[in-house]
2 protein chains.
Amino acid sequence: MLHQAAVHITSSRPVISTHRVPPEAVNGLAKQNPLVEAIHMMGATMSFPSEAEIFGEGEEADYAYQVVSGVVRTSKILSDGRRQVGGFYLPGDIFGLEFRDEHTFSAEAVTDTKVVVVKRSMLMAVAGRDTRLSRELMALTGRELRRVQNRVLLLVKSAEQRVAYFLLEMAERARGGNVIELPMVRQDIADYLGLTVETVSRTLSSLAHSAAIELSTSRRIVLRNRSALRILNA
Amino acid sequence: MLHQAAVHITSSRPVISTHRVPPEAVNGLAKQNPLVEAIHMMGATMSFPSEAEIFGEGEEADYAYQVVSGVVRTSKILSDGRRQVGGFYLPGDIFGLEFRDEHTFSAEAVTDTKVVVVKRSMLMAVAGRDTRLSRELMALTGRELRRVQNRVLLLVKSAEQRVAYFLLEMAERARGGNVIELPMVRQDIADYLGLTVETVSRTLSSLAHSAAIELSTSRRIVLRNRSALRILNA
DNA sequence: CGAAACATTGACAACTTTCAATTGCCGTGG
DNA sequence: CCACGGCAATTGAAAGTTGTCAATGTTTCG
């Protein structure tokens, strides 16, 4: 039952820069979203090197974050030593916003990463006055809840289904068409899907053999037959 | 991979009664909770016989519900025919409140059940004026999110750990001390934990052999050694 | 270039599901 | 009241899936 768990300890310090990032810089979805606007108006940008911790599990959840560039993962170490990855956040995604004073997960940079940080109290204060913002916060929460519920549904499926789902999800979110450049290592994927690295690796190989995907390099995957992947998921 | 799935089809009609239920009637937690007060002020009570559907997956989520008596489960049929149970709701618990217009899960009465129903729009209207209520709604959402996240952590554990967790959770929520009167059948438990009935049954038998629990009848379980169960969870 | 980290593959073990049979429980009707 | 039927629960045996351990191959980066 004990999978190996990859626990990275990095003490790299983040670089804090005070200049403002124009909202348009992020994924183009900035306009018309009051939440994104608010974050960029009031926030400061910070840079984290690969594998650096952005915040720790149990720390006070005083800030909300939005990815500007790079990729972030949230994770939690289970009592048996394994690690569960809560999710991956790509440019434009918001993370770290909690409904209680402690972070449930920790957050780490998967690659060199830039994020915008804003104090939660500030966000809440504005939300008290701006209905659109508070509505947007509700919507964000709803999406987050749905995302976690989908993970529950995912975790009762077979290894093949989980991996197929992961590939389709990444392909859609990263918008690289059929080519996926994975920013994370196999261990991250395994801990996200509740599998071992070996099972993830074997499943990918098997999907490659059945011509559903192509493994150019271990980090670059091409979807050759999306519907085959979707059927697995079905 | 295909477990058997228990799909119950019942066409029993609910009984709608218009009289108000005094808030104190519910679990004693009514006072000081503006959300519970609001529900009972504005809501109507409905009765559902065992296994009746309260709302269906995909239906419009116009109402929020609170259990008065009995037990409710939410569930979803997966494309492969299996069923995933989202959660069990005991007297006092609120369910069916969504952030979008469709229900993600369906809800059924596990036993004969009485619930209070309130229109979501009414709740939201009041929340717009009453800060305490809107704060309570946020808190409820936060708890729900945490609950689902815990289920994610649960589903990556062994069958024994899942069953132990389930027993401890039920014992705590039903407040029967060490005696648990299970309102649901084994299939419900299995679909909640992402296991098969056989595995649940075997695990319970094994826990009974190791003297951690006692199976008086299949519906009545006595916790004999809570710390043994907790260690499994650890 | 070479070491270290990452990824893949194989063989085997452990856990869970599947299929099948049996037992126990409970309500209904004779 | 008891017997019967039906459903729920348990148990057994076998198969399938995933995890574990170990070896080998590959990539990355100083």
Side-chain angles (χ1 to χ4, degrees), chain A residues 1-10 49-51 78 80-84 110-112 154-164 181-209 213-221 232, chain B residues 1-10 50-51 78 80-83 110-111 154-164 181-191 193-209 213-221 232:
Chain A
M1 184 72 218
L2 289 188
H3 321 185
Q4 64 257 54
V7 181
H8 305 279
I9 297 178
T10 318
S50 178
E51 294 304 318
L78 306 184
D80 61 8
R82 283 183 304 160
R83 184 187 66 167
Q84 178 64 34
V110 173
T111 62
D112 290 349
L154 183 67
L155 289 177
V156 301
K157 298 190 178 161
S158 71
E160 201 174 40
Q161 288 174 311
R162 298 188 217 183
V163 172
E181 296 285 352
L182 294 175
M184 71 292 283
V185 297
R186 292 285 186 276
Q187 186 68 57
D188 288 335
I189 301 175
D191 291 346
Y192 177 65
L193 298 177
L195 300 168
T196 58
V197 237
E198 291 94 334
T199 300
V200 171
S201 193
R202 266 187 261 273
T203 306
L204 287 173
S205 299
S206 141
L207 288 174
H209 276 132
I213 64 172
E214 189 184 315
L215 290 162
S216 320
T217 71
S218 71
R219 294 296 192 94
R220 182 195 198 82
I221 295 180
L232 288 177
Chain B
M1 186 71 217
L2 290 188
H3 320 184
Q4 63 257 54
V7 182
H8 305 278
I9 298 179
T10 318
S50 178
E51 294 303 319
L78 306 184
D80 60 8
R82 282 183 305 159
R83 184 186 67 167
V110 172
T111 62
L154 184 66
L155 290 177
V156 300
K157 298 190 178 163
S158 72
E160 200 174 39
Q161 289 175 310
R162 297 188 216 184
V163 172
E181 296 285 351
L182 293 175
M184 70 293 282
V185 298
R186 291 285 187 275
Q187 186 69 58
D188 288 335
I189 302 175
D191 291 346
L193 299 177
L195 299 169
T196 58
V197 238
E198 292 95 331
T199 300
V200 170
S201 192
R202 267 186 258 274
T203 306
L204 286 172
S205 298
S206 140
L207 288 174
H209 276 131
I213 65 172
E214 191 184 312
L215 290 162
S216 319
T217 73
S218 71
R219 293 296 191 93
R220 182 196 198 79
I221 295 180
L232 288 177

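Naming: A, B, ... by sequence-line order, numbering from 1 per chain.
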> From the list D/dG12, C/dT16, C/dT8, which nucleotide is the closest neighbour of the side chain of B/Arg202?
Replying inline: D/dG12
> More 5' along DNA chain C: A/Leu204 or B/Glu160, using each one's nearest nucleotide?
Replying inline: A/Leu204
>> With rounding to the nearest 0.5 angstrom, report the CG to CZ distance, A/Leu207 to A/Arg202.
In response: 14.0 Å
> Distance check: side-chain N/O of A/Thr199 vs OP1/OP2 of D/dG19, anything under 4.0 Å?
Replying inline: yes
> With respect to the side chain of B/Arg186, which nucleotide from D/dA22, C/dT17, D/dA9 is positioned closest?
Replying inline: D/dA9
>> I need the CD-P distance between A/Gln161 and C/dT17, as an integer number of Å.
In response: 14 Å
>> Expressed as a whole number of angstroms, how long is the span from B/Lys157:NZ to C/dT16:C1'?
In response: 18 Å
> Separation of B/Ile213 atom CD1 from D/dA9 atom C1', in whole Å?
Replying inline: 14 Å
>> Taking the minimum atom-to-atom distance to the side chain of A/Val185, which one of D/dT11, D/dA22, C/dA7 wins?
In response: C/dA7
> Of all the nucleotides listed (C/dT9, C/dT16, D/dT18), which has the minimum atom distance to the side chain of A/Ala159?
Replying inline: D/dT18
>> Could you report the tightest heavy-atom contact between B/Thr203 and B/Thr199, atom names first, then the distance?
In response: OG1-O, 2.6 Å
> Tell me: CG of B/Leu195 to P of D/dA9, nearest whole Å?
Replying inline: 15 Å
> Atom CD of A/Glu198 and atom C1' of C/dA14: how far apart are they, to the nearest Å?
Replying inline: 15 Å
>> How close do A/Val110 and A/Ser50 get, counting heavy atoms only, and between which atoms?
In response: O-OG, 3.2 Å
> Expressed in angstrom and rounded to an integer, what is the separation of B/Leu155 atom CG from C/dC15 atom C1'?
Replying inline: 16 Å
> Between C/dT8, C/dA7, C/dC19, which one does the side chain of A/Arg219 approach most closely?
Replying inline: C/dA7
>> Any side-chain N or O of B/Thr196 below 4.0 angstrom from OP1/OP2 of C/dT17?
In response: yes
> Which heavy atom of A/Ile189 sits nearest a heavy atom of A/Met184, and at what distance?
Replying inline: CG1-CG, 3.7 Å
> Are OP1 or OP2 of D/dA9 and a side-chain N or O of B/Ser201 less than 4.0 angstrom apart?
Replying inline: no
> Considering only C/dT9, C/dA20, C/dT8, which nucleotide approaches the side chain of A/Ser218 most closely?
Replying inline: C/dT8
>> When you measure only distances, ignoring hydrogens and angles, does the side chain of A/Gln187 come within 3.5 Å of the base of C/dC6 through a donor and an acceptor?
In response: no
> Does the side chain of A/Thr217 get closer than 4.0 angstrom to OP1 or OP2 of D/dT26 through an N or O atom?
Replying inline: no
>> Without decimals, in angstroms, what is the distance between B/Arg82 CZ and C/dT17 C1'?
In response: 11 Å
>> What is the distance, to the nearest angstrom, from the CG atom on A/Asp191 to the P atom on D/dG19?
In response: 11 Å
> Can you name the nearest heavy-atom pair linking A/Gly194 to A/Leu155, along with the distance?
Replying inline: N-CD2, 4.4 Å
